[in-house]
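Below is one structure, written out as structure tokens; the observations come after it.
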Amino acid sequence: MCGIFGYKGISSDATNIVLNGLKKLEYRGYDSWGFASFQEGKIKIKKEIGRIPNYSTDFTSHLSIGHTRWATHGQVTANNAHPHTSKDKKVVAVHNGIIENVSELVEKYKLEKETETDSEIIPLLINHFMDEGYSFVNATKKACLQFNGSYAIALINKDSEELIAVKMGSPIILGIGENEFLLSSDIPALLEHTNKVVYLEDKDFVHINKHISISKIDSETKIIPDIKTISWNADSAEKEGYDHFMLKEIFQQPSSIRKTLDGLVENGFPSLNLKKIHLEDFKRITILGCGTSWHSGLVGKFLIESLARIPVDVEYASEFRYRNPIIDKDTLILAISQSGETADTLAALREAKRRGASVLSICNVVESSIARESDDILYTRAGPEIGVASTKAFTTQVTMLYLLTAQLVLKNKSLSENKVKEMIVDIKKIPELIELVLKEEKNIKVLANKLSKKNNALYLGRGIQFPIALEGALKLKEVSYIHAEGYPAAEMKHGPIALIDKNMPCVVIATKDILTYDKILSNIQEIKARGGEVIAIGTKGDFKLKELVDDIIYVPETRYSLTPLLSIIPLQILSYHVALLRSCDIDKPRNLAKSVTVE
Ligand code: F6R
């Protein structure tokens, strides 16, 4: 949610470096953008609405900050775009997060705002303290102590070639290059400059002048930075020949799953190497997540309850902390998040910890806030997910939940050791099976053509495929703007059946299983009897299903508990091609942002 990029160093091309960094962060917000560059006591500022053009400037500068915005407070206008400045344009700031006590501060310090944003308060208040005689550093620290809310801020000022960064609740990472320092909201944008980074902690205050010093906003004591080396390379943040990140990421799923499994299986058994959490200590699990991660949590509930026989609740993180949840020492909190920065999930995790719960997380982004605040962490190894619509994050999360289930089964002895070994043999085959599904892209494109002309769609599934119906519908609405609903197939007759007619295509996940397959065939007949059109996802060789439906996409056979990892693939490809046919901005759907760092 909003991207920040900053540069100070030996290069005189700071502005273009920042613009280039912002382009890589654009997936975090793309309403408007802007930069501010310092040159000998002058600051050049540019702010525009819309996407960052292929703009390059010949303004030489060694110090620049920039921002790409996802509007929260104030409309999308050039005036509301960042950077924001003090009245005399002395102090210049870019901000990600929300300052909650703006009106209070405006009144207390008699400040005059000129934009609708909360962020403008930052340079105004810092400038106010500088006018009282405080240095840039001390005025910034003093101002930060007045702010309520969350922020990652980068700041420059007209009088000196200094760069300041502060973190409280919103992400910002410091990159350390050869004779240069960079600031970024996320790792991928840094990779072409350096793989040496410092994950800033809450309250960290970075001051870069001739040298760098890190302290806390409420202390003078210097902190020795913990410099980490990132193993992702710069290519992993590029499209590598694909037209869109979403397509690249869909096709990366076999390798992402292989990488996620790597090192977590030993002698045919799951080996999750948890350091602090002892799985045998818990009688219940509460899963927290948002959006796609919540959907993978629903698959997790199905797996853990049916195989490990442990009760599981799956909660929207955004609802959890506002309803006085019942958490006790027997409950394990399992937080799921690709980015590890989703504000709702982070807030729910903190609430659970405040109530004494132990937290295990499944995250993709190493050292993200959720990862760092959890007692133990299971990393999916999907690599950077840049497309706003989550794809490889989902399948790697489900892979991890399957491994966790297998580990719980072993602990609980709910199945024999041999059965657990068989579970592991089967998940290892999944990447190859996904490769077969990916070969169906041509056939799926034909169906995309039909679906692209509709305004609504119903996605139906039962059992473990119900979350896949939800996820398939979410993918379609996010990238193609076609209204889609996911429903448990049997619930259709309790209401949504009223919607069925020739204009309401139904995508039904009807893979073979012993529990609900026959029932879902009846649900399909109910749709057909009312003139509805059915696209089915079925198990290869299922001719009975083919006879019943208008169109079918086959996925290979696998064990029931692994079917979601196959059935979601054609639904991702379908959404991608529908969106392409409707000329939608696939990697940056309107109004969305990749990592939602505001509640
Ligand atoms: C959907 C999507 C979102 C995210 C949600 C949670 O395609 O990307 O629904 O799944 O915002 O994000 P993370 O997993 O980063 O916590």
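FYI, the numbering just counts along the sequence from 1. As the structure lists them, so they are numbered: ligands from 1, and atoms in each ligand from 1. All values below were derived from every heavy atom in this structure, side-chain atoms included, with hydrogens, water molecules and symmetry-related copies excluded.
- Not a single N or O atom of G340, backbone or side chain, sits closer than 3.5 Å to an N or O atom of ligand 1.
- Listed by atom number, the atoms of ligand 1 under 4.0 Å from E478 heavy atoms are 1 (C), 2 (C), 7 (O).
- Taking a cut-off of under 4.0 Å to the non-hydrogen atoms of Q338, the atoms of ligand 1 that pass are 13 (P), 14 (O), 15 (O), 16 (O).
- Below 30°, between 30° and 60°, or above 60°: for Y576 and H244 the angle between ring planes is above 60°, a perpendicular geometry.
- Interatomic distance, CZ of F147 versus CD of E100, reported as 12.5 Å (0.5 Å rounding).
- Proximity to S339 (heavy-atom distance under 4.0 Å) selects the following atoms of ligand 1: 13 (P), 15 (O), 16 (O).
- Of all atoms in ligand 1, numbered sequentially from 1 with element shown, those under 4.0 Å from a heavy atom of A389 are 7 (O).
- Among the atoms of S293, some N or O lies under 3.5 angstrom from an N or O of ligand 1.
- Under the 3.5 Å distance criterion, with hydrogens and angles disregarded, no donor-acceptor pair is assigned to the side chains of E315 and T286.
- Other residues, nucleotides and ligands contribute more than 12 heavy atoms inside 6.0 Å of the NZ atom of K353.
- In this structure, CG on L264 lies 10.5 Å from OG1 on T380, to the nearest 0.5 angstrom.
- The S337 neighbourhood of ligand 1 comprises atoms 13 (P), 14 (O), 15 (O), 16 (O), with distances under 4.0 Å to a heavy atom of that residue.
- Here CZ of R381 is found 12.0 Å from CG of L261. Values are rounded to the nearest 0.5 Å.
- Under 4.0 angstrom from ligand 1, the non-hydrogen atoms of K475 all belong to its side chain.
- Polar contact check, T342 against ligand 1: a nitrogen or oxygen pair lies under 3.5 Å apart.
- For the pair V365 and ligand 1, no heavy-atom separation below 4.0 Å is found.
- Side chains of Q572 and K475: a donor-acceptor N/O pair is absent below 3.5 angstrom, by distance only.
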